[in-house]
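I have placed the structure first, in the form of C-alpha cells, so that the comments after it can refer back to it.
Counting convention: from 1, in listed order, for ligands and their atoms alike.
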Amino acid sequence: MSQQLVHVKIIINEKAYEADIEPRLLLVHFIREIAGLTGTHVGCDTTNCGACTVILDGRAVKSCTLFAVQADGKKVLTIEGLAKDSKLHPIQEGFWVKHGLQCGYCTLGMIMAAYQLLMRNPNPTEEEIREGISGNLCRCTGYQNIIEAIKYAAEKMRGGVS
Ligand code: FES
Ligand code: FES
C-alpha cells in the first residue's frame, strides 16, 4: 500500500531543500539521501551513538530519531555548514590539532555536540565536556584527545589561541 506523500521544505546550512516524502522518512535519511550531505552518519539503530547529531533550530538532536516532517520549515546545521569561506571552525581545527579523530566516523557528531556545548557554556570544565559529549560514542580515540580538542576550541573561541 503506498503511503501519502508529504511536501516538506527544510533549510540545511542556509539552503532550502524541498521534496515530497513519506511521513516515515527519518531526518538523517533526508539529509544524506535527498540533500546529499553524507557527512552525517548512522552508527546504530537505538539512538545511543550520536553519529547522526545535527543542530536543529539551535539544539543538538539525533537525526535518526526524528522524522523529516518534524523538521519541515526549520533550520538544520550539519558538519558541512560549519567551515566559513574554506576556513575551519575552531572546533574542527581543535580536532585536527589535538588528534581528536581516527576513523572519523563519529567526528561530525562529536563536533556538533561540542558546538552546542560551547554555545551554552564557553568555558566548560573537563567534567562538563565529558558530560556534554556523553551522547556520542567513539570506538577509536578513547575520548582523551577529543576532550583536548574541545578545550582548544573553547579557548580559541574565547579569543585565547591565535
Ligand atoms: S545513528 Fe546512532 S544515535 Fe543516531
Ligand atoms: S574516530 Fe573512529 S569512531 Fe571516533
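- Remark: minimum distance from atom 1 (S) of ligand 2 to any protein heavy atom is reached at Q102 N, 3.3 Å.
- For residue C140, no N/O/S atom approaches atom 4 (Fe) of ligand 2 to within less than 2.8 Å.
- Counting the atoms of ligand 2 from 1 in the order shown, those under 4.0 Å from a heavy atom of C138 are 1 (S), 3 (S), 4 (Fe).
- Taking 2.8 Å as the threshold, C103 does not count as a candidate ligand of atom 4 (Fe) of ligand 2, since none of its N, O or S atoms lies below it.
- The protein heavy-atom contact nearest to atom 3 (S) of ligand 2 is R139 N, 3.3 Å.
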Salt bridge (charged side-chain N to carboxylate O under 4.0 Å, His left out) between R130 and E127, intermediate numbers included: CA-CA 5 Å; R130 289 184 182 274; E127 199 177 340; over 6 Å; no

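- For ligand 2, the atoms lying closer than 4.0 Å to a non-hydrogen atom of G104 are 1 (S), 2 (Fe).
- Checking side-chain atoms of Q116 against main-chain N and O of A60 turns up a donor-acceptor pair under 3.5 Å.
- A side-chain donor-acceptor contact under 3.5 Å links K62 to the backbone of G135.
- Listed for the H41 side chain is no donor-acceptor partner under 3.5 Å among the backbone atoms of A51.
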Steps toward side chain to side chain donor-acceptor pair (under 3.5 Å) verdict (T65, T47): CA-CA 7 Å; T65 310; T47 315; 2.9 Å; yes

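- Partner of V54 under the side chain to side chain contact (heavy atoms under 4.5 Å, CB included) criterion, chosen from I31, L66, L37: I31.
- Of all non-hydrogen atoms in P90 and A153, the two that sit nearest each other are O-CB, 3.6 Å.
- Inspection of the environment of atom 2 (Fe) of ligand 1 yields the following protein N, O or S atoms under 2.8 Å: C44 SG, C49 SG.
- Not a single donor-acceptor pair under 3.5 Å links the side chain of Y152 to the backbone N or O of I91.
- Here the side chains of P23 and V6 are in contact, with some heavy-atom distance below 4.5 Å.
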